[in-house]
Amino acid sequence: MAPTRSERLNAQSVSLWLALVFGAVLLGAFVSFPGFFPPMSPDASAQQVAAFYEHHQAMIRASMVVFNLCGVMLVPFFMVIVYQMKRMATPTQVLAYGYLSAAASGVTLFAVANLFWLIAAFRPDRDPQQIQLLNDLAWITFIAPVGMIVAQNVCLALAVYLDGRAEPIFPRWVGHFSIAVALAMVPAAGAAVFRTGPLAWDGAISFWLRNSAYGAFLVVMFFVLRRAIERERGEELDAAAELQLHAEAVR
Amino acid sequence: MTGATAALPARVSARDDQRSPKLDLWICWWVFPAFYTLFGLIFVVLTRVMPPPRPGVGVDQINSFFHAHGTTIKLGFALLMVFIGLASVTNGLVAFQMKRMSVKPIFTYAYIATLAVGAVPGALFAAFAFLAAVFRPDRDPHLVALLYDVGLLTFVGSLGCFTTNYLVLALAIALDKNKVFPMWMAYITFWQIATELLAAPVFVFQKGAFAWNGAISFYEGTVIFVVFLGCLIVLLRRAIQQQPMDELVQD
């Protein structure tokens, strides 16, 4: 049985609410990870990094287990975007598939980064050089590989621009906004290279601009999607009413 | 079923506007040669992962390899962090053409899923390992040697994601009655599976034809991959050109 329309609409609304709840949970974990406020310096010595894990072991574990459990919970939210992209009057659905593929790979990176933090915290008596390496891998994996998000946002923007509907699924400014967020995140690739300055993983650009741009994207898309879902429901009610009128006229 | 039939009229009527009717497909097609040119620049010219440096070397030689190529490794893999998402766009295009085939879209979804998985161990892990290896000049040389193995074995030895990916593509082409791709492309794609199988011994040998830089495990596989990729790009172009404007693609 194909899902009825109301079921599909419910799936969308539920996915949005999941994103809201787990977004809040993830924000809580983000704020409580001792290495984010302020972000750890990439220039810290191996001894300093090892001492950090020893002193903050409980909070590191708690916050990163939450990242581990809840990070992938945002996937249904991205799939609502895929579904809405597929409704657009673009020539084909190719951009929605590109978005889906990039979202899957991007989420995998999020799922990997917290593992490195948790492994580093597992044995604080490990050789400090090894803890530092795990810490480097965690930070590099978390901050630097922005390419999947960039591809997602570029696919989304192109689809918005090519949407030929008289009343587009998403307003045009969503395309501009999506590109702007992608551009704000691009320089964070430098976090895998620089150990000081704004491009280092604790820097103004790689940490603060990157993460706040992405946070803003999720919040704005929550409202954009809510509006799109409401409009879809309206369109379907109209179509159903029209169909009924037609049926009565035939009778 | 309701979703597919309801969405189609909007998609067809959208063609009334004056934009190029296959613009999204052509954008994604151009991404193909652009991404793989960049891929070659990054992996061959800048980071020296292709052709791979020798596996059977000592800790000192590994460290001097990273010392000699540190700057270009940083530049190359920072670029990969930004542009890896283009791989997802190319996935989307192949997936879309697979949807035009007469087989049910099961292989299409499998194609997207396997490559979304493959991008992380098959390309990004090598980048993380090499970036971490050159991130700190004072890192324990033995840890640097570990990162060398992690980088090269994950890059050359990520077999299964691609084996499955080639399998579903080859099967889709072979079973397709719409002739989106010619039958010989299925045979070339089956050859790709053979090259992945022949790369399995890289986990055992440190020198010779089956080592990660060997004549069979690396060179033979790479030559066939380049042929495969060239054919895929040319055939995608042909498929887009031959695609009827008013074709309805399964949802």
Side-chain angles (χ1 to χ4, degrees), chain A residues 2-5 8 42 45-46 86-106 108-109 112 127 129-130 132-133 136-137 140-141 144-152 154-155 158-159 162-165 186-195 236 239, chain B residues 1-3 6-7 10-11 13-17 19-25 27-28 31 74-75 77-93 95-96 99 108 112-113 115-117 119-120 124 127-129 131-132 134-136 138-140 143 146-147 243 249 251:
Chain A
T4 66
R5 289 180 173 199
R8 194 148 40 84
S45 71
K86 288 182 83 177
R87 290 183 62 225
M88 293 177 184
T90 46
T92 72
Q93 304 183 339
V94 67
L95 294 166
Y97 296 137
Y99 188 98
L100 171 65
S101 177
S105 301
T108 311
L109 295 171
V112 169
D127 174 3
Q129 283 268 350
Q130 294 180 12
Q132 187 187 37
L133 171 58
D136 287 346
L137 287 169
I140 289 173
T141 313
V146 289
M148 293 300 176
I149 298 167
V150 170
Q152 278 174 258
V154 170
C155 284
L158 283 173
L162 293 176
D163 183 1
R165 283 178 172 240
V186 163
V193 172
F194 297 99
R195 284 191 292 147
E236 288 181 347
Chain B
M1 213 36 229
T2 47
R11 197 166 292 283
S13 64
R15 303 245 173 71
D16 297 343
D17 70 347
R19 273 172 295 197
S20 167
K22 296 175 184 171
L23 186 57
D24 53 356
L25 294 178
I27 291 171
C28 293
V31 168
K74 287 176 183 173
L75 175 64
F77 280 139
L79 282 173
L80 189 73
M81 296 291 115
V82 177
F83 291 107
I84 183 67
L86 294 180
S88 310
V89 179
T90 65
N91 281 358
L93 181 59
F96 175 75
K99 272 244 164 141
T108 306
I112 297 177
L115 272 194
V117 171
V120 179
L124 287 174
F128 297 146
L131 284 166
V134 297
F135 195 67
R136 303 182 190 280
D138 59 341
R139 199 186 297 285
D140 176 357
L143 290 178
L146 171 68
L147 292 167
Q243 183 180 338
V249 178
D251 189 43

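Order of the sequence lines sets the chain letters (A, B, ...), proteins ahead of strands, with each chain counted from 1. Being a predicted model, the structure only gives us computed values, none of them experimental.
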Under 4.5 Å heavy-atom distance to chain B, tell me which part of [X] shows up: side chain, backbone, both or neither.
X: A:Ala191; answer: backbone
X: A:Leu158; answer: side chain
X: A:Pro42; answer: both

TODO: Identify the heavy atoms of B:Ala116 and A:Ser101 that sit nearest to each other, and give their distance.
DONE: CB-O, 3.7 Å
- [ ] Over all heavy atoms of both residues, which pair between B:Gly85 and A:Met148 is shortest? Give the atoms and the distance, please.
- [x] CA-SD, 3.9 Å
- [ ] Answer whether the closest heavy-atom distance between the side chains of A:Gln130 and B:Leu143 falls below 4.5 Å.
- [x] yes
Open item on the list: I'd like to verify something: which residue of B:Asp138, B:Leu93, B:Leu25, B:Ile27 has the highest number of heavy-atom pairs under 4.5 Å with chain A?
Closed with: B:Leu25
Open item on the list: So which residue, B:Cys28, B:Ala127, B:Ala78, B:Ser88, ends up with the most heavy-atom pairs under 4.5 Å with chain A?
Closed with: B:Ser88
Based on non-hydrogen pairs under 4.5 Å, which of [options] is most in contact with chain B?
options: A:Ile149, A:Asp136, A:Asp127; value: A:Asp136
options: A:Leu133, A:Leu100, A:Thr108; value: A:Leu133
options: A:Gly98, A:Gly147, A:Ala151, A:Pro187; value: A:Gly147

- [ ] Hey, could you give me the CZ/OG1 distance between B:Phe128 and A:Thr141, rounded to the nearest 0.5 Å?
- [x] 4.5 Å
Task: Heavy-atom proximity to chain A below 4.5 Å, by part of B:Asn91 - done: side chain
Task: Under 4.5 Å from a heavy atom of chain A, the part of B:Val82 involved - done: both
